[in-house]
Amino acid sequence: MSPPVPIREAFAPGAVGRALTVRGWVVQRRSSGGILFLRVRDRTGQLQVTGRREALGEEGYRAAEHLQVEGACAVTGTLAEDPRAPGGRELRAARIDIIDAGEPFPILKEQTEEFLLDQRHLAIRSPELVAMFRLKAGLLKAFRSFFDQEELLEITPPILTGNAAEGGAEAFQVDYFGRPGYLSQTAQLYLEAMLPPHERVYALTPSFRAEKSRTPRHLTEFQHLEVELAWEDLDGLLDFIERMMVFVLHEVARTLPAELERLGRPPEELRAIRAPFPRTTYAEAIEELRAAGFPVQFGSDLGTVEERALTLDRNQPRFLTRFPAELKAFYMLRSPNDPRTVEAADLLGPEGYGELLGASARETDVARLEARIRAVGADPKEYAWYLDLRRHGNIPHAGFGLGVERLLRFLGRREHIRDTTPFPRTPSRHTP
Ligand code: 4AD
Ligand code: MG
């Protein structure tokens, strides 16, 4: 047996007629008239294998017949042209080594969503999920390369924390040696602390939300990509976000067209996304919704339904800006020319996908921060270290947090956010 080669080499020019070994997992198996047909998959592709009884010998043929779907094997043979085979080539086996014949694979065509979630450790081998996790890796690579270009420093903030920065009710509490601890909901406060020495920072970390809401866009654990920029105001931050979104969307369209197609998102649709994105104030959005018959007024929280209505017939993202302070977190900067609103924006995805990221300029006034912390029912003492940042080189700054799975839900056109993460965590499930 020659050293195994990646399956993609079987499709290289000049490969026909070569003797080679590939190894991988069985996608399909059937036999008829003393010929065994296998479709074998590795990370680089799929190859049809034919094994004739005469070529493999009686014993070898029988052993290979026991290979199950998702069983593992190594096949040595000669590569031949066959117009009926996928990709026009097949490997005519001289020998099939069984690495693990496997038990009957439990995942068949017709199965309930619950069954597939119970079998997630096996279901992640499906072509859609394979495409999704390649897309996810490619997307994160694109973000990192944009941040490199823009000279942002990657930070590794803690996940176990002593404060619940985005509201206590939705924090997972843990017993931290007898004291309350929380699983991080956001790295923002730590990123703000990193600004004076580094000015431009980002972090990619899991964030946790103990929201019981069973919606197609909420996970209890998600990948949170957060950026914090010194010297920036809201408008400057939104310019940065536009550049970033256009860069990463065009980059995945360029590097992962096959994965996007497989998921039902033609790459052209991403290439057609261009800056600037429309910027609509919250107040204008309320008027737009009222005109469409929604019973909302200034002060109403915009949920899934309203966000969907605001973007359903659009193929470009849009920003909603300057929300009422009461609807938003304590750390957001008051608008200089409207005391009712904060310098915040949400980016809504096209086609009704809703909020992809939340951004704001940060409040720098200590007294106002303390008052806002009290107003949300928390104790400023718990935020002592954060407030201290306003006493030592306090500067204007702004940042945002993007839900990686929210963006992937749009990119990969998925109905439910759970299909953007290998082992989804939702209120009813934390296993497998
Ligand atoms: O809007 P959020 O709660 O904002 C923050 O946490 C800020 N501290 C971020 C920052 O400025 N550094 O969350 C940010 C984003 C949302 O826009 C959404 O995309 C995503 O995180 N997100 C979730 N994604 C999946 N499941 C959930 N339960 C999510 N909650 C928020
Ligand atoms: Mg938000």
Side-chain angles (χ1 to χ4, degrees), residues 136 139 143 152 155 157 159 161 163-172 182-195 200-229 232 234 237-238 240-241 244-245 282 301-304 306-307 311 317 319-321 323-324 327-333 342-349 353-363 376 383 386 397-411 414 416-421 424-427 429:
K136 193 171 197 174
L139 176 67
F143 273 116
L152 271 66
I155 304 298
I159 302 303
T161 70
N163 328 73
E166 290 293 326
E170 291 179 357
F172 279 105
Y182 303 93
L183 296 181
S184 173
Q185 298 169 295
T186 173
Q188 179 192 324
L189 309 190
Y190 297 101
L191 292 183
E192 288 186 63
M194 297 300 272
L195 283 186
R200 299 162 73 78
V201 296
Y202 77 97
L204 173 63
T205 57
S207 277
F208 302 85
R209 304 284 166 102
E211 296 175 280
K212 275 257 168 77
S213 41
R214 286 162 214 271
T215 78
R217 57 183 206 162
H218 286 89
L219 294 166
T220 54
E221 175 176 348
F222 65 97
Q223 294 296 317
H224 206 169
L225 187 62
E226 295 179 272
V227 164
E228 205 63 32
L229 300 173
E232 214 60 271
L234 182 64
L237 180 67
L238 300 192
F240 178 95
I241 291 170
M244 173 188 80
M245 293 303 289
Y282 166 90
D301 207 351
L302 305 183
T304 309
E306 291 82 10
E307 285 183 2
T311 57
F319 285 115
L320 297 192
T321 67
F323 290 81
L327 295 181
K328 292 288 181 188
F330 72 86
Y331 48 70
M332 296 186 177
L333 180 69
V342 283
E343 293 293 279
D346 282 353
L347 182 66
L348 307 187
Y353 281 94
E355 181 183 340
L356 303 179
L357 66 81
S360 76
R362 315 306 192 188
E363 183 59 77
V376 300
Y383 293 91
Y386 179 71
H397 62 286
F400 66 88
L402 173 145
V404 173
E405 289 83 4
R406 291 276 181 95
L407 179 56
L408 279 166
R409 187 171 160 250
F410 158 67
L411 288 180
R414 296 295 96 178
H416 202 289
I417 194 168
R418 65 178 164 235
D419 287 327
T420 64
T421 197
R425 298 296 180 242
T426 56
R429 183 177 288 281

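Each ligand, and each atom within it, is numbered from 1 in the order the structure gives. If you're wondering where the values come from, they're calculated on a predicted model, not measured in any experiment. These numbers come from the heavy atoms of this one structure, side chains and all, not from hydrogens, waters or symmetry mates.
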**Asked** Which distance, rounded to the nearest 0.5 Å, do you find between the CG of D301 and the OH of Y282?
**Response** 7.5 Å
**Message:** If I take atom CD from residue E232 and atom CG from residue L238, how far apart are they, to the nearest 0.5 angstrom?
**Reply:** 9.5 Å
**Asked** Partners of E355 by salt bridge (Lys or Arg N to Asp or Glu O under 4.0 Å), sequence neighbours excluded?
**Response** none
**Message:** Suppose the cut-off is 2.8 Å; which protein N/O/S atoms would you list for the Mg ion (ligand 2)?
**Reply:** E355 OE2
**Any donor-acceptor N/O pair, T161 side chain to N163 backbone, under 3.5 Å** = yes
**Message:** Any heavy-atom pair between the side chains of R209 and F222 that's under 4.5 Å?
**Reply:** yes
**Item:** Nearest-0.5 Å distance that lies between atom OH in Y202 and atom CZ in F143
**Value:** 11.0 Å
**Request:** With sequence neighbours left out, write down each residue that passes salt bridge (Lys or Arg N to Asp or Glu O under 4.0 Å) with E363, or none if nothing qualifies.
**Result:** R368
**Request:** Please tell me if the side chains of T186 and H224 come closer than 4.5 Å, counting only heavy atoms from C-beta onward.
**Result:** yes
**Asked** Atom CD in Q223, atom CZ in R406: separation rounded to 0.5 Å?
**Response** 14.0 Å
**Request:** Tell me the residues surrounding ligand 1, counting only those with a heavy atom closer than 4.0 angstrom, sorted by chain and number.
**Result:** E166, T186, Q188, R209, E211, R217, H218, L219, F222, H224, E226, Y331, E355, L356, L357, G358, R362, F400, G401, G403, R406, I417
